[in-house]
Undergrad: 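The following block contains the structure, expressed as structure tokens.
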Amino acid sequence: MPDLFPSKRIQILLPLPLSGVLDYLSDENLNLREGDFITVPLSGRELQGVVWEMNPESSDVAQEKLKHVIRKSELPPLPNSLMKFVAWVAGYTLSPLGSVLKMALSVPRKFDKPKKQTFYRLATELPEKITPARKRVIDAAISDMPMSVKSWCDIAAVGEGVIRGMIKAGFLIAQEVSGEQAFIKPDRDLKRAILSQDQQKAADHIITQQRSEKYKATLLEGVTGSGKTEVYFEAIAEALKNDAAQVLVLVPEISLTAQWLERFKDRFGAEPVIWHSEMSPAQRRRAWWATIRGEARVIVGARSALFLPLQNLKLVIVDEEHSQTFKQDEGVMYNGRDMAVVRAMQAQCPVILASATPSLETMINAQSGKYDWLYLGERHGPAELPEMSVIDLREHKMKTGSWISDPLYRALRENYENGEQSLLYLNRRGYAPLTLCRACGHRMECPHCSAWLVEHNKFDRLECHHCGFNMKKPHACPNCEKEDSLVAVGPGVERVAEELARLFPDARFAIMSSDEIDSPEALKNIIKRIEKHEVDFIVGTQIVTKGYHFPMLTLVGVIDADLGMSGADPRAAERTWQQLEQVAGRAGRAEHAGRVFFQSYQPDHPVLKALVSGDKDLFLEQEAASREAQNLPPFGKLASLILSGRDKNNVIMIARNLARCAPQGKNITILGPVPAPLSFLRGNYRYRFLIKADHDVNIQNEISRWLAKNTKKHGVKIQVDIDPYSFY
Ligand code: ADP
Ligand code: ZN
């Protein structure tokens, strides 16, 4: 029988951990294009994928053996720039192409037709006299945009009864819509800030770049509170002049940016489209659809937002670009900040990297002229940078079980009596990092990890911060069985809060750590309480370093400034400096001056010197020199290989096999194999190699050739991490 419709060989990619594309036949009447979403048969199932190549080169599979594409989705195709990006990320991170595509399609039931829904729009004829609640609804309306009952309630802040009543009275008119509710368009002119001269100069620079419609990376550096956000809001406003433009803003932890969202809404009159991993399936679908249709204008999200199908990307912003949370440490291990630059390059649009404490990588790119460099040196308005000093703990000894030295106590007391707020910073969750038997010295360890269990007072439990294992704190030591012999060693935020409560029995406290703040609502509540001055003392982990603005907060005490300074991580000092500078930046952000105290046993450490003197350039120069001497990033290249498996002997065997065929040369060095610092994690034994290479070595090629020589795995997982940020 002659084919009614001639068919042709194409290649498709499935969102599965496969490294390659698959050949299928496409019937001409489907009119397929690259990027189209299609359904294909595979091993008796129907799977959804993307047309990757319409004109493939030859292939080994005979044409007769190929199956036909079943159908094409009505969705717009995956944008070409995103396909290029997916391929780039897969190549750079040495991940299967299909695994990267999966990140771009991580939306449940995305191919379904949106259901029909009834929305309501405001009637054109409305009575003069109306109840205040109904007036609120009318005032809140956005031209004639139809909305669901729930959205009307939200936007006008009224109960459902009011809306139902207005529907009945004919003031709201029903309308059938197919699809999701549209997002409200941001209004670029709603509330422009009057920028200072410096701010305006920075904004103008970015606006000029935008008009050129070319790729350019810019570091927007500015001390905490200098108005970086206001400046890039102006850049967003400029982008929105173009009716189709889409803007992507990456923030470190989206659920932690309630204050940012409020500001955005204040400025542009609408919430941006939000994207992060904790959204419900329905919210994800609505955001993804709005993005692929080009309706979403400003998208703010976590690193995974890079994989959204933006049709017309005109500007990328990475806020707090130094943040480690941009690095994904499992699955496809990519650095969201670096990939944002790649994304912008492929979309040919500007990218802005904003931070008060830029990463060394970005600093060096700015110094060498690869990136443009804008600097805001002063806080906005009357606010001054806080005064910083070190408390030498060798001199000011603390009593056992106490973590607040006398000078810090005196400052806290003074601040409290002045009616101002204080923050104590300690980057350690829970009550105590170690529980020890006084009698036999036994340490409470996780049965699945080589790590101590952390005591959490709230539920009287011991918890592993690596795998989540937890148990009730036992009465007797599990080793020597002595009763009541287990003691807590060292402080966590809960223990510091306990000491504060002893020192200031009448004061009001809040703990800010991921244990207390487990939802965006919890965060909103705590922020409101602090803003309304219902809290005198805050004790917080690194959560508090995330750009909050609390006008009454004038004192910051860092309980242990030495924490995290040492260790295997080449960025330990840099990261400590960033965290401390950021937490210090919370003090004195309004008219009241701020003070910061660092408690330390090494007051002469370069990090503390840099903080106190304000001479961060000297510190970064030293850091850069030391990294250059060791040929570490950004001067040399670095990758790590983690081998893990349940059977220790197999892990060691594979490690030895790999060691035997490791790449050699004078421009590449392989360190290891050695047991990883966390040598046992979630029941798996772990060994590690570090690969250091000169800048001009193609480290991906070297590693893939190396791994290809070792095909037998014996149940051992090998993870490649290019540009690693975690070293445990
Ligand atoms: P950064 O992002 O550099 O930390 P922000 O943009 O958050 O700084 O600004 C700090 C504070 O100063 C915010 O409350 C902000 O609203 C205010 N601010 C900054 N610039 C201006 C301006 N030009 N006009 C009014 N308020 C401003
Ligand atoms: Zn564990």
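Atoms within each ligand, like the ligands themselves, are counted from 1 in listed order.
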Undergrad: Atom 5 (P) of ligand 1: which of Arg379, His549, Arg263 has the nearest heavy atom?
TA: Arg263
Undergrad: Does CD in Gln200 sit with more than 12 non-hydrogen atoms of other residues, nucleotides or ligands closer than 6.0 Å?
TA: yes
Undergrad: Heavy atom of Gly225 under 4.0 Å from ligand 1?
TA: yes
Undergrad: Under a heavy-atom criterion of less than 4.0 Å, does Val223 contact ligand 1?
TA: yes
Undergrad: How are the rings of Phe619 and Trp577 set relative to one another: parallel (under 30°), tilted (30 to 60°) or perpendicular (over 60°)?
TA: tilted
Undergrad: Can you spot which of Pro677, Ser644, Pro673 makes a side-chain contact (heavy atoms from CB on, under 4.5 Å) with Arg688?
TA: Pro677
Undergrad: State, to the nearest 10 degrees, the angle whose vertex is the Zn ion (ligand 2) and whose arms point to SG of Cys449 and SG of Cys467.
TA: 110°
Undergrad: Please list, in number order, the atoms of ligand 1 under 4.0 Å from a heavy atom of Leu195.
TA: 23 (N)
Undergrad: Of the choices Gln199, Gln259, Lys228, which has the non-hydrogen atom that lies closest to atom 20 (N) of ligand 1?
TA: Gln199
Undergrad: Counting heavy atoms only, which part of Ile194 comes closer than 4.0 Å to ligand 1: side chain, backbone, both or neither?
TA: backbone
Undergrad: With nothing but distance in play, are any N or O atoms of Gly227 less than 3.5 Å from an N or O of ligand 1?
TA: yes
Undergrad: Kindly assign one of parallel, tilted or perpendicular to the pair Phe680 and Tyr685, based on the angle between their ring planes and the thresholds 30° and 60°.
TA: tilted
Undergrad: Check whether any N, O or S atom of His466 sits under 2.8 Å from the Zn ion (ligand 2).
TA: no
Undergrad: Is it true that Glu230 and Arg263 make a salt bridge, defined as a side-chain N closer than 4.0 Å to a carboxylate O?
TA: yes
Undergrad: side-chain contact (heavy atoms from CB on, under 4.5 Å) with Glu531: which of His549, Met552, Gln259?
TA: Gln259
Undergrad: Measure from the Zn ion (ligand 2) to each N, O or S atom of His448 and report whether any distance is below 2.8 Å.
TA: no
Undergrad: Leu553 and side-chain contact (heavy atoms from CB on, under 4.5 Å): which single residue from Glu420, Arg586, His533 fits?
TA: Arg586
Undergrad: Find all atoms of ligand 1 within a distance of less than 4.0 Å from any non-hydrogen atom belonging to Thr229, and give their numbers and elements.
TA: 2 (O), 5 (P), 6 (O), 7 (O)
Undergrad: Looking at Ala203 and Leu195, what are the two nearest heavy atoms and their distance?
TA: CB-CD1, 3.8 Å
